[in-house]
Amino acid sequence: MTVDRDLFSQDAVDVAPLLLGALLRHGDTVLRISEVEAYQAGDDPGSHAFRRRTPRNASMFGPPGHLYAYFSYGMHVCANIVCSPEGEASAVLLRGGEIVAGHSEARARRGASIPERDLARGPARLTRALGIGLHQDGADLTVDPFELTLPTEPVPALTGPRTGVGGLGGGVEFPWRFWIPGDRTVSVYRRHPRAG
DNA sequence: ATAAGGATGATCT
DNA sequence: GATCATCCTTATA
């Protein structure tokens with residue numbers, strides 16, 4: 001079944017664990033999500049929207065259930081699912097998953113020699129494997145060529161500090177990384193040098 | 001298995 | 001000029 005759009009009107013922290021095991025389709029490629037991170041509205045120093053609305057983070061303030069895609073480290077694109085009602089900015093970063101359909105397309109985008117489990121292990125890898133680009137920032141994820149399907153049964157989840165987040169927002173104060181225990185497509189945890 | 005360094009550009013101070 | 005919600009390669013265990 002396809003996802004009800006109202007689900008994403010909740011805060012990102014509440015939505016994030018529900019996305020584990022969910023399927024995200026883009027065209028012919030389908031991803032089973034195994035790892036996510038929540039970035040909250042309001043007082044989250046790790047969020048791109050913490051200071052103010054800018055051209056880059058504008059879609060985070062847009063309608064829930066849409067895509068927030070941003071350019072990272074000069075060469076990567078990362079993808080979020082926007083949460084909270086329109087005007088309030090929270091989002092769930094997609095950090096890892098398993099390609100369950102469209103392997104040939106994913107491999108064509110990622111490289112022929114990439115091991116199966118690494119196709120979408122990591123936020124920038126995942127985005128590239130699915131073929132998502134910056135031009136799709138703000139796109140509605142509940143409308144073709146996108147489709148979201150929630151798991152029919154509850155999926156176990158573990159929680160911990162967010163990866164790669166520095167300064168405030170990087171410590172154990174914000175344990176908003178969620179992953180499926182034992183899943184081999186979960187990215188390796190790397191603590192930011194400046195994490196609290 | 002983990003660690004370190006470079007690539008590369010938008011955004012902010 | 002510094003900081004990144006990163007990835008890849010190479011080095012050491």
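The figures here come from the full heavy-atom set of this structure, side chains too, leaving out hydrogens, waters and symmetry mates. A note on names: the letters A, B, ... follow the listed sequences, proteins ahead of strands, and every chain is numbered from 1.
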Notebook entry, point to check: After noting the C-alpha distance and the side-chain angles of A:E116 and A:R107, does the key distance pass the salt bridge (Lys or Arg N to Asp or Glu O under 4.0 Å) rule?
Noted result: CA-CA 9 Å; A:E116 177 77 22; A:R107 195 170 289 284; 3.3 Å; yes
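A:R162 has its CZ atom 11 Å from the P atom of C:dT6, to the nearest Å. Distance CZ (A:R51) to C1' (C:dC4): 13 Å, rounded to an integer number of Å. Separating the OH atom of A:Y189 from the P atom of C:dA5 is a distance of 14 Å, rounded to the nearest angstrom. Rounded to an integer number of Å, the gap from CE of A:M60 to C1' of C:dA5 is 10 Å. For the pair A:R190 CZ and B:dA3 P, the interatomic distance rounds to 7 Å; values are reported in whole Å. Rounded to a whole Å, the CD1 atom of A:I114 is 10 Å from the C1' atom of C:dC7. Rounded to whole Å, atom P of B:dA7 lies 13 Å from atom NE2 of A:H76. Across the protein-nucleic acid pair, A:F71 atom CZ and B:dA7 atom C1' stand 11 Å apart, rounded to whole Å.
Across B:dT13, C:dT3, C:dA5, the shortest atom-to-atom separation from the side chain of A:N80 is found for C:dA5. When distances are taken from the side chain of A:L93 to each of C:dC8, C:dA5, B:dG9, the shortest belongs to C:dA5. Among the nucleotides B:dT8, B:dA10, C:dC4, the one closest to the side chain of A:M75 is B:dT8. Minimum atom distance to the side chain of A:T54 is reached by B:dC12, of the listed B:dC12, B:dT8, C:dA5. For A:P123, whose side chain is taken as the heavy atoms from C-beta onward, the closest listed nucleotide among C:dT6, C:dC4, B:dC12 is C:dT6. You'll find that the side chain of A:R56 is closest to B:dT11, out of C:dC8, C:dT6, B:dT11.
A sub-4.0 Å separation between OP1 or OP2 of C:dC7 and a side-chain N or O of A:R95 is absent. For C:dA5, the OP1/OP2 oxygens have no side-chain nitrogen or oxygen of A:R177 closer than 4.0 Å. The shortest distance between the side-chain N/O atoms of A:R110 and the OP1/OP2 oxygens of C:dC8 is below 4.0 Å.
Nucleic acid contact for A:G46: base, since at least one base atom lies under 4.0 Å from a heavy atom of the residue. Nucleic acid contact class of A:H48 (heavy atoms, under 4.0 Å, all strands): base. Among the atoms of the strands shown, none is found under 4.0 Å from any heavy atom of A:R128.
By the stacking rule of 5.5 Å between ring centres and under 30° between planes, A:Y73 does not stack on the base of B:dG9.
A:V155 and A:V30 are not part of a single hydrophobic cluster, where members link through side-chain heavy atoms under 4.5 Å apart.
Ring centroid separation for the pair A:H48 and A:Y70 comes in under the 6.0 Å cut-off.
Counting heavy-atom neighbours within 6.0 Å of A:L158 CG, excluding the residue itself, gives a total above 12. Other residues, nucleotides and ligands place no more than 12 heavy atoms under 6.0 Å from the CZ atom of A:R184.
Every stem involving DNA chain C, taken as at least 3 paired positions in a row under the Watson-Crick or G-U wobble test at 3.5 Å, is listed here: B:1-7 with C:6-12, B:9-12 with C:1-4.
Geometrically, A:R56 does not engage A:F71 in a cation-pi contact defined by less than 6.0 Å to the ring centre and at most 45° from the axis.
In this structure, A:H66 contributes its side chain and A:G62 its backbone to no donor-acceptor pair below 3.5 Å.
Of all heavy-atom pairs spanning A:L134 and A:A69, the tightest one is CD2-O, 3.7 Å.
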